Amino acid sequence: MKFKKTKPKLSATSFLSHYFDESQLWIQANDEIELLVQFVEIIRPIKPKTTIVLDISEILDFLKKNDFIRLQLSYYLKKLLLNKKFNKFLSDAGILQDVDFIFEVRKRLFSKLLPFQPKKDSLEYVLNQVFYKDTDAIWVNKIPFSQLEELHDLLLFSSIYETAKEDSVLSELLLSMNIITQRISGRAMETDVIKMVPEYDNLDSPFVAFEKELHQIDDRIRNAENEHYITSSDLFYKQLLILHKQCIDFVEKAFTNTSKYGISLRVNQNLLRIRQQLHRLKVLIPVLVVDNEESKKRNGIHLALKLIKYNCYKNNVRDLVSESTQLLSYEVTQHTAKTGEKYITESKSEYFKMFKAALGGGLIVGILCIIKVLLGKIHTSDFGHAFLYSMNYSLGFIAIYLCGFTLATKQPAMTASALIRALEQGMKKQGKPSEKHYAFAVLFARVFRSQFIAFVGNVIMAFPVSLFGIWLIDYTFEYNIAASKWTKLLTDLSPIHSPAIFHAAIAGIFLFLSGIISGSIANRDKHGQVYYRIQEHPLLKKSFGKEKTKKFAEIYEKKWAGVISNFWFGIFMGSTASIGLFFGLDLDIRHITFASGNLALGMYGGDFMMSMKYVTWGIIGIGVIGLVNFLVSFALSLGLAFRSRNIPLMEIRYIISSIWQHFKFKPMSFFFPSESKYKSDIEKIYLTSGEKK
């Protein structure tokens with residue numbers, strides 16, 4: 001086999017010698033920017049992320065020894081960069097351009113595949129062509145700064161402070177800062193943003209004051225005869241920093257107030273955009289400050305490095321999604337944490353109260369199982385069955401919720417957030433790590449036993465209710481509704497004879513989504529002041545009176561998010577199979593409580609004459625389905641809660657260790673309530689031994 005010979009990579013010094021020696025081949029190049037692209041390609045390391053330091057001393061030594069090549073290279077670069085505009089690039093790159101989150105994500109993804117190419121007279125065009133890889137900013141910043149300073153001197157680059165005329169570097173810098181400031185002022189004055197910080201209602205806007213102060217500095221720098229800069233001791237500069245800090249405080253206060261007023265995605269994006277623009281100004285303001293001759297050169301190099309960085313990260317989607325969703329996920333999980341507290345039992349009375357609520361949930365689910373079998377006998381389209389099944393599930397889940405009953409698998413999505421809030425509070429306390437995580441372990445034991453008893457209550461009630469219901473129909477109408485499908489009902493429960501585990505995981509995802517919907521609706525209504533609007537609605541007050549209107553508003557505030565959440569959970573559960581049929585996929589849902597009811601229906605449908613393997617695998621399947629329901633919904637909810645609070649994933653290791661230690665010392669507390677609270681000698685021993693380990 002013959003291998004194709006690859007052309008050896010040209011060294012940087014050989015490249016410079018070839019194009020910039022006395023023959024001056026660089027002048028004959030058809031595309032002047034192509035030479036710089038090739039030169040950077042030579043310097044660019046193969047693995048930028050693993051490169052510790054990028055040493056360019058060989059290039060520097062070569063330029064020192066070859067004055068003609070150095071001067072030719074200097075002239076080429078200055079000609080290439082002369083009068084290149086970058087004010088719009090500096091004010092836009094990497095900053096949210098639209099409050100529509102989906103539009104912004106779509107735009108960045110498209111720009112990654114087909115990058116936007118500006119006009120050739122702009123600096124952004126040069127950066128796009130030369131530093132087109134996302135990792136370019138990484139390796140450029142690994143070049144020692146002292147070598148960059150030496151390269152700056154060798155190539156005879158002048159200071160950016162020599163002139164502030166139009167199209168100069170300093171003029172473009174000032175213009176971009178003014179553009180950013182004007183955008184901030186306009187955005188900060190929008191009604192939805194101001195509403196988030198009522199504390200500033202009677203105060204002058206710090207953004208307007210900042211804009212005025214920057215204009216004064218801009219005039220001074222542009223109209224100066226020689227010194228086109230300010231110093232760190234300048235009072236205007238100090239005042240500008242104070243106003244900048246006040247603007248940041250405004251934004252942070254708005255984010256803090258989300259727990260009081262809620263927040264919409266639009267307002268979230270507006271605040272994020274203002275925060276990003278303020279951060280950009282924080283980077284650019286020091287460039288205007290010169291205290292000595294050396295700082296002139298350093299500021300110019302720092303500005304160049306920032307321009308390269310902004311160009312590389314301007315289409316970053318991961319950071320956009322992370323930053324945009326963190327606050328919203330926090331607000332959503334805050335609501336689910338508060339809701340989840342009622343699903344965590346501590347005393348025996350709470351434990352058995354949960355059991356009774358679970359029995360009620362199982363009762364309704366048993367009825368829903370019978371209704372679904374009956375609905376399946378209606379001759380209609382796949383869409384018709386999806387609609388009927390969805391309404392059956394939705395109305396049933398809403399009934400469970402409004403009656404105060406419990407559907408076991410809905411708990412993980414709620415309790416995960418409550419656990420994280422407990423962990424977050426524990427991490428803030430002073431003390432040994434084992435003590436902080438031990439409190440979390442105790443709470444987890446309470447959550448686990450609450451979920452356990454809810455499972456038990458749902459399952460043991462759904463089975464007899466379904467069995468009694470199908471017998472009653474058979475006795476009354478002499479019609480066994482499950483006679484024709486008992487085999488499918490039982491087979492679908494088996495984790496080895498059907499994709500029951502996969503279907504249970506789908507149900508777990510829907511359980512997680514229903515929790516997200518509940519928190520999202522509650523957050524949206526809080527931000528929109530829906531409760532207050534209902535309470536003060538003039539027509540409602542006139543028709544029903546103030547007291548009844550207020551009571552209705554209170555019911556809405558407490559129940560509406562849960563009603564909508566359960567409605568959509570029913571839609572998800574009822575339409576999955578029909579959607580799977582439409583796309584030719586084996587999609588369906590398996591839920592532990594419904595599995596218990598279906599086991600009863602299948603056994604009766606087969607006149608209890610089926611093989612024991614059907615029953616055995618059905619019983620095993622119920623347990624497996626419940627476990628998968630719990631693990632998937634809990635894991636997704638826990639991950640979201642971790643993300644929303646910026647808790648490092650390394651904490652999971654300590655959490656698991658603490659839970660295991662607690663289980664070894666008090667295993668029964670994971671299944672039955674214990675009234676003691678951290679007072680037993682065995683727990684004290686754990687706290688000391690755990691720390692020693």
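Quantities reported herein were computed from a predicted structural model and do not represent experimental measurements.
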Just verifying a value: how many Å separate [X] [atom1] and [Y] [atom2], rounded to the nearest 0.5 Å?
| X | Y | atom1 | atom2 | result |
| --- | --- | --- | --- | --- |
| Ile400 | Asn458 | CD1 | CG | 7.5 Å |
| Asp588 | Asp492 | CG | CG | 7.0 Å |
| Ile460 | Leu359 | CD1 | CG | 5.5 Å |
| Met668 | Arg449 | CE | CZ | 11.0 Å |
| Ile481 | Lys377 | CD1 | NZ | 7.0 Å |
| Phe567 | Ser514 | CZ | OG | 13.5 Å |

The test is ring pair (Phe, Tyr, Trp, His ring centres under 6.0 Å); show your working for Tyr393 and Phe594 and say whether it passes. CA-CA 11 Å; Tyr393 282 125; Phe594 287 90; 5.0 Å; yes
Checking side-chain contact (heavy atoms from CB on, under 4.5 Å) between Phe572 and each of Ile579, Ile506, Ile517, Leu511, which is the one that passes?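 Only match with Phe572 under side-chain contact (heavy atoms from CB on, under 4.5 Å): Ile517.
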Determine whether a donor-acceptor pair (N or O, by modelled atom type, separation under 3.5 Å) exists between the side chain of [X] and the backbone of [Y].
| X | Y | answer |
| --- | --- | --- |
| His244 | Leu278 | yes |
| Ser633 | Gly508 | no |
| Asn566 | Gly562 | yes |
| Thr593 | Gly362 | no |
| Asn629 | Arg590 | yes |
| Asp525 | Glu557 | no |

Centroid-centroid distance, Phe569 to Tyr401, less than 6.0 Å: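 Ring-ring flag for Phe569/Tyr401: false, centres at least 6.0 Å apart.
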Around [X], counting heavy atoms of other residues, nucleotides and ligands shown, do more than 12 lie under 6.0 Å from its [atom1]?
| X | atom1 | result |
| --- | --- | --- |
| Lys541 | NZ | yes |
| Tyr556 | OH | yes |
| Lys195 | NZ | yes |

How close do [X] and [Y] get, counting heavy atoms only, and between which atoms?
| X | Y | value |
| --- | --- | --- |
| Ala357 | Gly404 | CB-O, 3.8 Å |
| Gly94 | Gln276 | O-OE1, 3.9 Å |
| Ala358 | Ile453 | CB-O, 4.2 Å |
| Tyr351 | Phe672 | OH-CD2, 3.6 Å |
| Gln451 | Phe630 | OE1-CD1, 3.3 Å |
| Val251 | Leu271 | CG1-O, 4.0 Å |

Do the charged groups of Lys253 and Asp249 touch, with an N to O distance under 4.0 Å?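 Between Asp249 and Lys253 there is no salt bridge, as every charged N stays at least 4.0 Å from the carboxylate O atoms.
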What I'd like to find out is whether the side chain of [X] reaches to under 4.5 Å of the side chain of [Y], using heavy atoms alone.
| X | Y | value |
| --- | --- | --- |
| Gln269 | Leu272 | yes |
| Ile659 | Phe670 | yes |
| Leu375 | Ile378 | yes |
| Pro198 | Asn257 | yes |
| Arg273 | Ile95 | yes |
| Ile571 | Ser394 | yes |
| Phe397 | Trp568 | no |
| Thr181 | Ile184 | no |

Where at least one partner belongs to residues 352-387, residue pairs that pass ring pair (Phe, Tyr, Trp, His ring centres under 6.0 Å), sequence neighbours excluded: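 Those involving residues 352-387 are His385-Tyr389.
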Begin with the C-alpha distance, continue with both residues' side-chain angles, and end with the deciding distance and a verdict on side-chain contact (heavy atoms from CB on, under 4.5 Å) for Ser450 and Glu350. CA-CA 9 Å; Ser450 303; Glu350 291 175 347; over 6 Å; no
Residues Tyr531 and Gln535: side-chain donor-acceptor under 3.5 angstrom: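 Yes, Gln535 and Tyr531 have a side-chain donor paired with an acceptor closer than 3.5 Å.
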Working note: Arg275 + Phe255, criterion side-chain contact (heavy atoms from CB on, under 4.5 Å); need CA distance, chi angles, decisive distance, verdict. CA-CA 11 Å; Arg275 178 194 274 175; Phe255 280 126; 3.1 Å; yes
Checking Phe250 now: which residues fulfil ring pair (Phe, Tyr, Trp, His ring centres under 6.0 Å) with it, not counting sequence neighbours?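 Ring pair (Phe, Tyr, Trp, His ring centres under 6.0 Å) list for Phe250, sorted by chain: Tyr200, Phe207.
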All salt bridge (charged side-chain N to carboxylate O under 4.0 Å, His left out) counterparts of Asp192, not counting sequence neighbours: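 Counting only residues at least two positions away or on another chain, Asp192 forms no salt bridge (charged side-chain N to carboxylate O under 4.0 Å, His left out).
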Run the side-chain contact (heavy atoms from CB on, under 4.5 Å) test on Ile509 and Val632 for me, step by step, so that the C-alpha distance in whole Å, both residues' side-chain angles and the decisive distance to 0.1 Å come before the verdict. CA-CA 6 Å; Ile509 295 172; Val632 171; 3.9 Å; yes
For side-chain contact (heavy atoms from CB on, under 4.5 Å), just list the numbers for Asn598 and Leu601, CA-CA rounded to whole Å, side-chain angles, deciding distance to a tenth of an Å, and then say yes or no. CA-CA 5 Å; Asn598 287 341; Leu601 296 177; 4.0 Å; yes
